[in-house]
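Quick notes on the structure that follows.
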Amino acid sequence: MAAPKKGRSASAQSKPGRSLALILIAIVGLTAGMFASGHTTPRLGIDLAGGTSITLEAKSDQGSAINKANMDTAVEIMNRRVNGLGVSEAEVQTQGSRNIIVNIPKGTNSEKAREQVGTTAKLYFRPVLAQEATGSAAASPSASPSGSSSASPSPSASASGTGEKATSSSSPSASATSQGRAVTDALKADSTPSASADAKASSSASPSASASSGAAVTADDAALQAKYAALDCSKESVRAKAGEGVKPEDTTVACGEMDKVWYKYLLGPAAVDGTEVDKAQAVYDTQTAAGWQVTMDFNKSGAKKFATITGQLAQNTQPQNEFGIVLDGNVVSSPYVSSSITGGQAQISGSFTQEEAQGLANMLSYGALPLSFQEQSVTTVTAALGGDQLHAGLLAGAIGLLLVVIYLVAYYRGLALIALASLLVSAALTYVLMALLGPAIGFALNLPAVCGAIVAIGITADSFIVYFERVRDEIREGRTLRPAVERAWPRARRTILVSDFVSFLAAAVLFIVTVGKVQGFAFTLGLTTVLDVVVVFFFTKPLMTLIARRKFFASGHKWSGLDPKSLGAQPPLRRTRRPGGPAAGPVETKEA
């Protein structure tokens with residue numbers, strides 16, 4: 001039984017170069033991958049690189065309860081929204097039972113992200129009953145809704161290429177009386193089952209007919225008409241409250257902007273809900289040079305409803321052949337319809353910039369939040385402050401590493417070279433992996449993560465110390481260096497694995513039960529603990545086997561850290577026998 005054990009031991013000692021070559025190949029391969037990916041430095045978190053932190057408080061004014069399920073859904077949607085803006089390293093997590101924290105790193109459009117993360121994105125398609133310019137633009141003929149052949153005061157839309165431009169029949173010089181009649185007729189038409197037919201007839205009705213229609217308007221309609229007449233969408237405070245508290249089945253007023261001119265709308269009940277939009281994306285129309293557009297695909301029920309409402313609107317005259325696309329109470333577009341739009345596809349086109357088109361498509365694609373949110377605080381960390389914190393963290397790490405090196409050199413002398421080489425290999429692997437994990441999983445190095453890396457220096461050094469002490473214990477028992485290195489390894493290995501397992505378990509539990517920046521500490525601690533095992537097994541142990549063959553260490557030079565005299569080694573015991581008698585006593589033999 002002893003012979004095979006010696007054979008395996010000899011084989012392990014004779015081929016330490018394989019392990020060293022393996023870890024060298026791994027370092028070279030990972031480094032090449034880092035440079036090939038173009039990410040040669042780890043991503044920095046907000047507290048190191050600067051950025052914006054937003055605190056949002058949930059409100060239950062939409063009829064949804066503030067519970068864990070709704071909060072988790074809101075976090076998921078916000079994550080998808082900021083990721084849709086290319087902010088993959090942003091952090092979105094809950095804090096307590098009512099708050100959500102959104103951390104947006106420097107270098108991204110934080111203002112755009114602020115607009116989107118807390119927006120409920122309630123989208124409805126409502127028929128347009130009346131529209132006109134407001135504010136100072138209302139007095140100018142050029143501000144008419146039909147100022148161009150587009151016949152729409154906001155970006156126009158069509159579906160699958162259907163619908164051609166028409167000229168509005170409304171006159172910019174219409175009097176207040178005629179406008180009031182149009183609104184009255186629209187409300188009357190909207191209150192009847194045959195809304196499309198009545199709306200079409202109302203466009204050619206005589207004044208007396210309009211008056212008689214107005215007599216049948218209810219008190220609610222009269223109040224809505226007065227609200228529409230008094231609405232001035234050029235004022236921001238008025239726009240914010242225009243559609244406040246309106247239900248999807250209600251007739252309402254709203255505001256929309258085109259070419260820096262605000263228009264007011266009278267809109268009928270919602271015909272299609274935005275939740276029935278299956279997918280939306282921003283595309284650039286290269287064929288007609290129409291610029292950026294937002295294409296929408298409806299689900300089965302949405303496609304059926306959309307075909308029905310567009311078929312009804314196509315029978316009306318302008319502006320009652322338009323439908324308003326209302327997002328969070330604002331009309332983002334009011335395209336006209338010339339025929340029923342079937343197939344479940346539509347596109348919104350007009351004077352969109354790329355950012356506007358992508359922002360609208362982003363909110364439509366990722367859905368509405370189950371809760372509304374109010375912005376509680378916004379904290380901005382400047383790049384200068386982040387740089388100071390990074391400098392302080394790196395300085396702390398350098399001081400900690402220096403103290404470890406001083407201790408190793410003072411106590412272990414020549415063995416400190418092995419420890420330093422192992423620390424450098426561990427640092428190289430840690431750096432390369434952090435740089436690769438940034439684009440791979442969105443890992444961002446924050447200040448707690450730097451603290452985790454500093455703590456890892458001590459954990460890694462502790463593994464070397466365990467092994468060195470085991471070797472020195474074997475030398476104290478009278479063994480030479482080569483057998484001492486191999487005999488000490490099984491005992492040291494067991495201790496190292498148990499210690500690292502406990503550290504990794506603590507890091508894993510901390511990562512699971514915490515949120516935010518503390519997870520950065522736990523992740524870094526767990527990563528470096530795993531790397532400690534890799535380095536000790538594939539670098540430190542083989543390197544110890546190699547240096548045991550060198551005369552400086554094998555002879556026990558006083559600066560090697562393995563001097564038998566300074567360690568208080570006992571002379572090797574040998575087994576002796578008396579002539580013709582039993583062994584004089586139990587004496588150990590040296591092992592290879």
Side-chain angles (χ1 to χ4, degrees), residues 4-30 404-405 407-409 411-430 433 456-477 479-504 527-557 560-562 564 567 590-592:
K5 184 175 180 180
K6 287 185 178 182
R8 288 195 299 269
S9 179
S11 175
Q13 291 184 60
S14 61
K15 299 178 181 179
R18 291 185 177 181
S19 298
L20 294 175
L22 183 62
I23 197 168
L24 179 62
I25 292 172
I27 293 175
V28 172
L30 290 173
V404 170
V405 170
Y407 171 79
L408 291 174
V409 172
Y411 192 75
Y412 290 104
R413 300 186 180 182
L415 287 178
L417 296 176
I418 300 175
L420 291 178
S422 301
L423 283 173
L424 290 175
V425 170
S426 180
L429 286 172
T430 302
L433 285 176
I457 297 174
I459 294 176
T460 305
D462 181 63
S463 299
F464 308 151
I465 291 172
V466 169
Y467 186 28
F468 293 162
E469 287 301 322
R470 289 292 187 184
V471 172
R472 286 154 70 107
D473 286 343
E474 295 295 329
I475 293 176
R476 289 188 184 98
E477 293 179 5
R479 293 181 179 85
T480 57
L481 181 58
R482 293 183 67 174
V485 167
E486 299 306 321
R487 188 177 178 86
W489 173 241
R491 299 177 183 179
R493 177 181 60 199
R494 188 162 46 247
T495 304
I496 292 170
L497 286 176
V498 171
S499 175
D500 283 344
F501 174 76
V502 172
S503 296
F504 183 81
L527 175 65
T528 51
T529 301
V530 172
L531 291 179
D532 176 45
V533 176
V534 173
V535 171
V536 169
F537 274 70
F538 291 93
F539 186 81
T540 307
K541 167 58 175 61
L543 191 59
M544 280 292 293
T545 301
L546 288 179
I547 67 105
R549 302 172 182 176
R550 299 295 179 265
K551 183 178 179 181
F552 177 80
F553 290 95
S555 63
H557 192 281
S560 67
L562 298 169
L567 293 176
K590 292 192 293 183
E591 297 183 14

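Residue numbers count from 1 along this sequence.
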Quiz item: Are any non-hydrogen side-chain atoms of L30 and L429 less than 4.5 angstrom apart?
Solution: yes
Quiz prompt | Sequence-distant partners of S463, side chain to side chain donor-acceptor pair (under 3.5 Å), two or more places apart | solution = D532
Exercise. Please identify each residue that fulfils side chain to side chain contact (heavy atoms under 4.5 Å, CB included) with F501, with sequence neighbours left out.
Key: L505
Quiz item: side chain to side chain contact (heavy atoms under 4.5 Å, CB included) with L20: which residues, sequence neighbours excluded?
Solution: F539, P542, L546
Quiz item: Quick one: ring-ring contact (aromatic ring centres under 6.0 Å, His included) partners of Y411, sequence neighbours excluded?
Solution: Y407
Self-check item: Residue pair E486 / M544, side-chain heavy-atom distance below 4.5 Å
Solution: no
Quiz item: With F468, which residues qualify under ring-ring contact (aromatic ring centres under 6.0 Å, His included), at least two apart?
Solution: Y412
Quiz item: Got a sec, which residues hit ring-ring contact (aromatic ring centres under 6.0 Å, His included) with F537, two or more places apart in sequence or on another chain?
Solution: W489
Practice problem: Can you run down the salt bridge (Lys or Arg N to Asp or Glu O under 4.0 Å) pairs that involve residues 464-474, sequence neighbours left out, and say none if there aren't any? | Solution: E469-R472, D473-R476, E474-R479, E474-R487, E474-R491
Exercise. Would you check, one step at a time, whether the test side-chain contact (heavy atoms from CB on, under 4.5 Å) holds for D500 with V536?
Key: CA-CA 11 Å; D500 283 344; V536 169; 5.9 Å; no
Could you list the donor-acceptor pairs under 3.5 angstrom formed by side chains in residues 415-423, with sequence neighbours left out?
unit_1 : atom_1 : unit_2 : atom_2 : d
S422   : OG     : I418   : O      : 2.9
S422   : OG     : T540   : OG1    : 2.8

Quiz prompt | With A427 via side chain to side chain contact (heavy atoms under 4.5 Å, CB included) - residues at least two apart | solution = none
Quiz prompt | Spacing of F538 atom CZ and L543 atom CG [to the nearest 0.5 Å] | solution = 15.0 Å
Quiz item: With side chains defined as the heavy atoms from C-beta onward, is the minimum distance between V466 and S499 less than 4.5 Å?
Solution: no
Practice problem: Give a yes or no on whether the backbone of K551 and the side-chain of S555 come within a donor-acceptor separation of less than 3.5 Å. | Solution: yes
Self-check item: side chain to side chain contact (heavy atoms under 4.5 Å, CB included) involving S503 - partner list, sequence neighbours excluded
Solution: I459, T529
Quiz prompt | side chain to side chain contact (heavy atoms under 4.5 Å, CB included), paired with L562, selected from T480, V485, L481 | solution = L481
